[in-house]
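The structure appears right after this line, and notes come after that.
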Amino acid sequence: MSRRILLDCDPGCDDAVAILLAAGSPEVELVGITTVAGNQTLDKTTRNALAVATIGRIGDVPVVAGHDRPLVRPLRTAPAFHGESGLDGPAPVVPDRQARPGHAVDYIVETVMSAPGEVTLVATGPLTNVASALRREPAIAEAALGLVVMGGAYGRGNVTQTAEFNVFVDPEAAAVAFGATWPVTMVGLDVTHQAACTEQVQRRIAGLGNPLATFTVEMLEFYRLAYRREKGLEDPPLHDPCAIAYLIAPDLFETLPADVEVELAGTLTAGTTVVRFAGPGVASRPEGQRHRVAVRLDPGAMFDLVVDAIERLGR
Ligand code: BDR
Ligand code: CA
């Protein structure tokens, strides 16, 4: 039986690829997409999720909109990397479907509680919806199979020296999500920066020669140029698909037990994930090292999964 996943995201170019990877991989079953404000405002991230579901011909997967701002702080978006639309590059796709009425938080709670032990949550945006769902129904921490987060870093950040965007945008929500009792796997910048999307990968996708491939390559080209301009990187890290790849093929990743806490108050460090790996001399909290943190991945094999998924969806 394939693993059932509910993806909470803020598309976002790399979120878009994460949606395609999840929908196009038989190892996982994408049961729903919930959207949150992050890379762009909620109306845009929701529209983008619908557009990706349309161009990817993703049948029957509900898209449900969630929170339009972080729990406490003002929203900060990332147009420099994803454009004013949140999905710049290709010609806009007019969605052939609408968001399901209702709120993402209710949808997350209902989906998890109706199938205890079956659904894994994956978050590739700020953790606002996830934290709200935990507050609304704390039992989801027991009923979900776990939470996989693209977010955080134990090395360098990408917004501040130490903070990663998804955690930085809503650190209070991240603190709730990491603080719950469910198993959390952090797929942070330390591994996603190993997933550099080369021009060769883009050429492989282009070679598939279908409209979905063209859409994806045009989006990735925008993202490539943005990363070059903003960060001076030749090849952009394709963050969000890494979290999906971890569920499709965990063997492609090395993870270590660790304790993850989120800094909320530091004037220089707010939004930083403080990661304590297990090991000699490490002062543990009573909770111990109960999270898993990804430290390495096989990027070639991960991009094979991405190309295969786009090939399958584009047939
Ligand atoms: C994360 O920030 C967003 O801009 C990306 O979509 C990804 O989820 C990387 O820090
Ligand atoms: Ca994202």
Side-chain angles (χ1 to χ4, degrees), residues 5-22 33-42 44-49 52 63 66-67 70 75-89 104 121-130 147-171 173-174 177 185-197 216 219-220 222-227 229-231 233 235-246 262 271-273 293-294 297 302 306:
I5 64 179
L6 203 173
L7 174 59
D8 188 71
C9 56
D10 62 338
C13 301
D14 56 335
D15 300 83
V17 180
I19 292 172
L20 297 174
L21 177 58
I33 300 169
T34 51
T35 57
V36 67
N39 284 323
Q40 263 300 349
T41 52
L42 181 70
K44 292 180 183 176
T45 59
T46 304
R47 187 185 162 87
N48 292 342
V52 172
V63 174
H67 281 294
L75 175 64
R76 169 150 170 191
T77 57
F81 295 93
H82 304 271
E84 278 309 320
S85 72
L87 215 56
D88 275 16
L121 286 178
V122 184
T124 63
L127 288 136
T128 323
N129 291 337
V130 175
L147 170 69
V148 178
V149 174
M150 188 285 120
Y154 57 85
R156 264 170 73 168
N158 61 358
V159 183
T160 66
Q161 183 61 27
T162 54
E164 179 280 332
F165 180 80
N166 290 334
V167 177
F168 180 83
V169 169
D170 197 344
T185 305
M186 177 177 125
V187 179
L189 295 178
D190 320 282
V191 279
T192 65
H193 274 262
Q194 296 168 32
C197 186
T216 307
M219 186 176 68
L220 289 175
F222 176 88
Y223 188 67
R224 159 181 303 284
L225 297 177
Y227 258 90
R229 185 183 63 240
E230 301 294 325
K231 297 277 185 192
L233 290 177
D235 297 321
L238 207 56
H239 308 280
D240 294 338
C242 296
I244 304 291
Y246 173 71
V262 179
T272 299
T273 44
V293 173
L297 100 139
M302 195 207 77
V306 170

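Atoms within a ligand are numbered from 1 in the order they appear, just like the ligands themselves.
Near Glu164, the atoms of ligand 1 lying under 4.0 angstrom from a non-hydrogen atom of the residue are 1 (C), 2 (O), 9 (C), 10 (O). Near Asp240, the atoms of ligand 1 lying under 4.0 angstrom from a non-hydrogen atom of the residue are 5 (C), 6 (O), 7 (C), 8 (O). Near Phe165, meaning under 4.0 Å from any of its heavy atoms, are these atoms of ligand 1: 2 (O), 3 (C), 4 (O), 10 (O). Close contacts between ligand 1 and Met150 involve ligand atoms 1 (C), 7 (C), 8 (O), 9 (C) [criterion: under 4.0 Å to a heavy atom]. Close approach to Asn166 involves these atoms of ligand 1, each under 4.0 Å from a residue heavy atom: 1 (C), 2 (O), 7 (C), 8 (O). Taking every non-hydrogen atom of Asn39 and a distance limit under 4.0 Å, the qualifying atoms of ligand 1 come out as 3 (C), 4 (O), 5 (C), 6 (O). Ligand 1 places these atoms under 4.0 Å from at least one heavy atom of Asn158: 9 (C), 10 (O).
Considering Ile244, Val63, Val52, Asp240 in turn, Val52 is the only one that fulfils the side-chain contact (heavy atoms from CB on, under 4.5 Å) rule with Ile19. The only member of Val36, Leu127, Thr35 that meets side-chain contact (heavy atoms from CB on, under 4.5 Å) when paired with Asp8 is Val36. Each of Glu164, His193, Gln161 was evaluated against Arg156; a single residue qualifies, Gln161, per the side-chain contact (heavy atoms from CB on, under 4.5 Å) test.
You'll find the ring centres of Phe81 and Tyr223 outside the 6.0 Å limit.
Within the coordination shell of the Ca ion (ligand 2), defined by N, O or S atoms under 3.0 Å, Thr124 is present.
Side-chain contact check for Thr128 and Asp170: at least one donor-acceptor pair (N or O, by modelled atom type) lies under 3.5 Å.
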Can you check side-chain contact (heavy atoms from CB on, under 4.5 Å) on Val167 and Thr272, steps first, answer last? CA-CA 7 Å; Val167 177; Thr272 299; over 6 Å; no
Would you please test Asp15 and Met150 for side-chain contact (heavy atoms from CB on, under 4.5 Å) and show each step? CA-CA 10 Å; Asp15 300 83; Met150 188 285 120; over 6 Å; no
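Heavy-atom neighbours of Arg229 CZ from other residues, nucleotides or ligands within 6.0 Å: above the threshold of 12.
Vertex the Ca ion (ligand 2), arms ending at OD2 of Asp15 and OD1 of Asp10: the angle is 70° after rounding to 10 degrees.
Nearest to atom 5 (C) of ligand 1 by heavy-atom distance, out of Val167, Asp14, Thr192, Leu189, is Asp14.
The N, O or S atom of Asp240 with the smallest distance to the Ca ion (ligand 2) is OD2.
Between Asp10 and ligand 1, no N or O atom pair is found at a separation short of 3.5 Å.
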